[in-house]
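What follows is a set of notes on a single structure, which appears directly below.
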Protein chains: 2
Amino acid sequence: MTSGASRTGRQRLAPDVRRRQVLDAAVAVFSEEGFHGASMDAIAVRAGVSKPLVYAHGGSKDELFAACLHREADRLLRSVQSAAGEPDAEPLARLRRALRAFFLALTTRRQGWTVLWRQASTGPFAGEVDALRRRIVEEAADLMAGGLGVPRARVLPYAHTLVGAAEGLADWWLTDPEAAATTGPGDPADVLADLLVAVVGPGLATIAPSGAVSGER
Amino acid sequence: MTSGASRTGRQRLAPDVRRRQVLDAAVAVFSEEGFHGASMDAIAVRAGVSKPLVYAHGGSKDELFAACLHREADRLLRSVQSAAGEPDAEPLARLRRALRAFFLALTTRRQGWTVLWRQASTGPFAGEVDALRRRIVEEAADLMAGGLGVPRARVLPYAHTLVGAAEGLADWWLTDPEAAATTGPGDPADVLADLLVAVVGPGLATIAPSGAVSGER
DNA sequence: ACCTTAACTACCGATGCGTAAAGTAGCCCG
DNA sequence: CGGGCTACTTTACGCATCGGTAGTTAAGGT
């Protein structure tokens, strides 16, 4: 159904290939059942291997979950950062590209998103996902501060608001795709990115100017 | 530390009072440990009663958790709705009041918020919290549709965006209070509500007018 | 043929939900 | 004031699940 399980019972594979299989299965099961709800047996079954193999390649349950978190966080952050592009480009365009990459990443790696946001946001791993979130917020804050010519501390609440808005829109899109499809024609990631920019853009523009920090830019 | 535990070991109380005690303890423990992390023993200790009594008043662990969800969801929704006030009042003012009540509810009933958003948003209870979220979004959508004179389906994505933005801002506020405190002087709930209205207000105003849907309303 | 090692079957110990049984003390009624 | 109803406690246990491991088997290169 999801990732590569199946196969004959016994098959020798290269360690890194198996490790990737195990990680994929772990992400899938963790995303569906949550950390506590997922059992190592279920992960083993999903991966199409036996339980000791999971321990051999993934370590303990905590280590395995942490590995999932790191991999998915890395992928998400990397794709968003690379999509933003050159730092000297137009700030609003960079923001829009980053948002588009974010929405796109959710569909291509939806299970990873679920693990990160809905499973790891609590418990002993909350620090991990908080760190990722904070890095994303920092990116957004840098973008805003640079684009508006305003000190970073001043745009921090707006960055958190923007990221939260993106999350809310993303969750709706993933939860109720047919309703979200009526938003407009074309690539959904494009439509949603445009929509978000349209909502927060004018509001953000008002915090910039009029005497606060005159000279800059 | 939190709610009414303590007391001498034995005390006869009215059933509804005991039930409230058990529910309070359950919300506290669930918010701190999560659903799976919380044990019925821990809830019993927190409530200052014995384990069988927890089962007598709260039912099974699932039923107890569901009861917590229902009560906290009801309280949050009720306070937000009552704060919005008369339907014929100024839409933007209603929105601002509702937002203020929302932010205020987070501090006065922070454990309930934690249980609802960070513990119940996944697993078998995801439907419960999704229902609450959807009702809040509906409120927001009604407010927008009425204020802008636009069909409801059109403002749905904006409603989800607004609610997500409020969540993001709220999480930041609760996670990093001292940083959020630098946002401005005065009652934080007021400051945050104003901030959010300032961010999304101008953007929302642009979606209203200019011929899009002429005849309707 | 053989040896390395990936992989499996089977198992242990711990934890936690849920309940049963028996005793104890608060509160109401006579 | 005394007796009894019953809410409540203590204690103990059954049962299931799950994390983690020991000992065994077979795949595949050399």
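Proteins get letters first, then strands, A, B, ... in listed order; numbering begins at 1 in each. As the structure is a prediction and not an experimental result, all values here were calculated from the model.
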Considering residues at least two apart in sequence or located in another chain, which fulfil the ring-ring contact (aromatic ring centres under 6.0 Å, His included) criterion with B/Phe125? B/Phe35, B/Phe65
Does atom CZ of A/Arg97 have more than 12 heavy-atom neighbours, drawn from other residues, nucleotides or ligands, at distances under 6.0 Å? yes
Quick one, give me the B/S/- string for nucleotides 16-23 of chain D, reading 5' to 3', where B means a protein heavy atom under 4.0 Å from the base and S means that only happens at the primed atoms, P, OP1 or OP2. --SBBBB-
What is the distance from CD of B/Glu63 to C1' of C/dG18, rounded to the nearest Å? 12 Å
Polar side chain donor-acceptor pair, B/Gln21 to B/Arg18, under 3.5 angstrom: yes
Can you tell me the distance, in whole Å, between the CG atom of B/Leu53 and the C1' atom of C/dA25? 15 Å
Does a side-chain heavy-atom distance below 4.5 Å link B/Met144 with B/Arg154? no
Anything under 30° is parallel, anything over 60° is perpendicular, the rest tilted; go ahead and classify B/Trp173 against B/Phe103. perpendicular
Just the rounded figure in Å: distance from C1' of C/dG16 to CG of B/Leu64. 15 Å
Solution key, residues 155-165 of chain B side-chain donor-acceptor pairs under 3.5 Å, sequence neighbours excluded:
from     : atom 1 : to       : atom 2 : distance (Å)
B/His160 : NE2    : A/Trp172 : NE1    : 3.2
B/Thr161 : OG1    : B/Pro157 : O      : 2.8

Euclidean distance, atom CD of residue B/Gln21 to atom C1' of D/dA7 [Å, nearest integer]: 14 Å
Rounded to whole Å, CD of B/Glu33 lies from C1' of C/dG16 at a distance of 14 Å
